[in-house]
Amino acid sequence: MSTSNKITIAIDGYSSCGKSTMAKALAKKMGYVFIDSGAMYRGVTLYCMRHKLFDQEENPLIAEIIAALPEIAIDFKFNVETGTSDLHLNGENVEQAIRMPDVAARVSAVASIKEVRSKLVEEQRKMGLSGGIVMDGRDIGSVVFPHAELKLFVTAKPEIRAERRLKELELKGVDTNFDEVLKNLQERDYLDSTRSESPLIKTSDAIEIDTSDLTPVSQLALAYELAQKCLKC
Ligand code: DC
């Protein structure tokens, strides 16, 4: 239990199943800090792309990436215009760039590098030192905060996730299609859940929420109710 009366909430699950939207809204409603840990892996990936740390087959150059880690500073800064925290890479706001399909296509491979994970997990733990945090990702309940008071594991049907992701990308003016988005999601699901380093797993103490038939409003209501119950125990 944290030293304050604020709890730690770990939200894990596959990409595009609504976990970030739910985590962000839950943090706002509870007055907690929200951290999108996937954004941090995307930031490191963007750095690697800009510094050409991939081979011709687009595999990450692991030794070079490990050597570059001390040069990579990742942090979040509050954006007053949008009311959310944006990811900054070495002082530059890269919130838009990290959401692009070229980053999505490479991020799972970069996130499977042990040293990348150690660096980011250490930073994530520092962010959660005093509780009052909602963090979403793949290994939050299993590795980052194994003692989190509330752990949620979010799922949704792959086709529904692809539909949602496609809409988001279309709104950003990205030229893509349903099949391409679904293929990327399935490839990332496979890599994220089969890698040797901190694979995505549902821990035995996590509560599963299937968002396939839930609106964002009902997802939030459910998560908030669970958090309130947790605060009382
Ligand atoms: O949640 P997202 O789609 O933005 O995550 C991007 C990638 O980062 C995803 O393919 C898996 C990886 N990731 C991870 O390995 N561990 C986390 N805690 C968060 C994300």
When you compare the side chain of R125 with that of V144, does any pair of heavy atoms fall below 4.5 Å? yes
How many angstroms lie between CD1 in I207 and CG in L150, if you round to the nearest 0.5 Å? 5.5 Å
Does K119 use its side chain to pair, donor to acceptor, with the backbone of I72 at less than 3.5 Å? yes
Residues passing the side-chain hydrogen bond (donor to acceptor under 3.5 Å, both in side chains) test with E92, sequence neighbours excluded, are R50
Closest non-hydrogen atoms of L87 and A39, given as atom of the first, atom of the second and distance, are CD2-O, 3.3 Å
Do side-chain atoms of D55 reach the backbone of E58 as a donor and acceptor pair under 3.5 angstrom? yes
Give me each pair satisfying salt bridge (Lys or Arg N to Asp or Glu O under 4.0 Å) with a member in residues 190-201, each pair once, sequence neighbours excluded. R138-D192, D192-R195
Tell me whether V44 is reachable from I35 by hopping between hydrophobic residues (I, L, V, M, F, W, Y) whose side-chain heavy atoms are closer than 4.5 Å. yes
Hydrophobic cluster identity match, I201 and L152, side-chain contacts under 4.5 Å: no
When rounded to the nearest 0.5 angstrom, what is the spacing between CG in L226 and CG in L231? 11.5 Å
Only counting residues at least two apart or in another chain, list the ones meeting ring-ring contact (aromatic ring centres under 6.0 Å, His included) with H51. Y47
Report yes if the side chains of V154 and D12 come closer than 4.5 Å at any heavy-atom pair, otherwise no. no
I62 CD1 to C48 SG distance, which is reported to the nearest 0.5 Å: 10.5 Å
Side chain to side chain contact (heavy atoms under 4.5 Å, CB included) for S108 and E187? Distances and angles first, verdict last. CA-CA 9 Å; S108 288; E187 279 168 4; over 6 Å; no
Return the set of residues passing salt bridge (charged side-chain N to carboxylate O under 4.0 Å, His left out) with R164 (not counting sequence neighbours), or none when no residue passes. none
Stepwise, does the side chain to side chain contact (heavy atoms under 4.5 Å, CB included) test hold for R161 with L166? CA-CA 9 Å; R161 293 163 51 209; L166 182 63; over 6 Å; no
Residues in side-chain contact (heavy atoms from CB on, under 4.5 Å) with S204, at least two apart? none
Would you check if the side chain of S218 reaches a backbone N or O of L214 as a donor-acceptor pair within less than 3.5 Å? no
Salt bridge (charged side-chain N to carboxylate O under 4.0 Å, His left out) partners of R99, counting only residues at least two apart: D36, E95
Please examine the side chains of C17 and T155, heavy atoms only from C-beta on, and report whether any two atoms are closer than 4.5 Å. no
Search all heavy atoms of S142 against all heavy atoms of P146 and return the closest pair with its distance. O-CB, 4.0 Å
Taking only residues two or more places apart in sequence or in another chain, which ones pass ring-ring contact (aromatic ring centres under 6.0 Å, His included) with F34? none
Give a yes or no on this: more than 12 heavy atoms of other residues, nucleotides or ligands lie within 6.0 Å of atom NZ of K183. no
Which heavy atom of T211 sits nearest to which heavy atom of A156, and what is that distance? OG1-CB, 3.4 Å
Any V110 side-chain heavy atom under 4.5 Å of Y41 side chain: no
CD/Q219 to CG/L26 distance, rounded to the nearest 0.5 angstrom? 11.5 Å
When you measure from the side chain of Y32 to the backbone of I7, do you find a donor-acceptor pair of N or O atoms at a distance under 3.5 Å? yes
Minimum heavy-atom separation for P199 to S193, with atom names? CB-O, 3.6 Å
Under the 3.5 angstrom rule, does the side chain of R117 hit a backbone N or O of I113 as a donor-acceptor pair? no
Does the side chain of R188 reach to within under 4.5 Å of the side chain of L191, using non-hydrogen atoms? no
Would a single hydrophobic cluster contain both M100 and L169, if residues Ile, Leu, Val, Met, Phe, Trp and Tyr are joined by side-chain heavy-atom contacts under 4.5 Å? yes
Once you round to the nearest 0.5 Å, how far does CD1 of I140 lie from CD1 of I9? 13.0 Å
Indicate the atoms forming the closest heavy-atom contact of K19 with G13, along with that distance. CE-O, 3.2 Å
Sequence neighbours excluded, the answer for side-chain hydrogen bond (donor to acceptor under 3.5 Å, both in side chains) partners of R42 is none
Starting at OG1 of T84, measure out to NZ of K28 and round the result to the nearest 0.5 Å. 10.0 Å
Do Y14 and M22 share a hydrophobic cluster (ILVMFWY, side-chain heavy atoms under 4.5 Å, transitive)? no
For residues V33 and L120: do they belong to one hydrophobic cluster (side chain heavy atoms under 4.5 Å, members Ile, Leu, Val, Met, Phe, Trp, Tyr)? yes
Which pair of non-hydrogen atoms, one from L53 and one from A68, has the smallest distance, and what is that distance? CD1-CB, 4.1 Å
Any side-chain heavy-atom pair of M40 and M127 under 4.5 Å: yes
Any pair counted as ring-ring contact (aromatic ring centres under 6.0 Å, His included), so long as it reaches residues 152-195, sequence neighbours left out: none
Sequence neighbours left out, what pairs pass salt bridge (Lys or Arg N to Asp or Glu O under 4.0 Å) with at least one residue falling in residues 203-229? K151-D205
Sort out for me which residue in V107, I74, V103, D102 forms a side chain to side chain contact (heavy atoms under 4.5 Å, CB included) with L46. V103
Are any of the side-chain heavy atoms of S16 and L185 separated by less than 4.5 Å? yes
Could you pull out all residues at least two apart from S20 that satisfy side-chain hydrogen bond (donor to acceptor under 3.5 Å, both in side chains)? D136
Decide yes or no for F54 and N59: does some side-chain heavy atom of the first lie under 4.5 Å from some side-chain heavy atom of the second? no
Considering residues at least two apart in sequence or located in another chain, which fulfil the side-chain hydrogen bond (donor to acceptor under 3.5 Å, both in side chains) criterion with D86? N79, N93
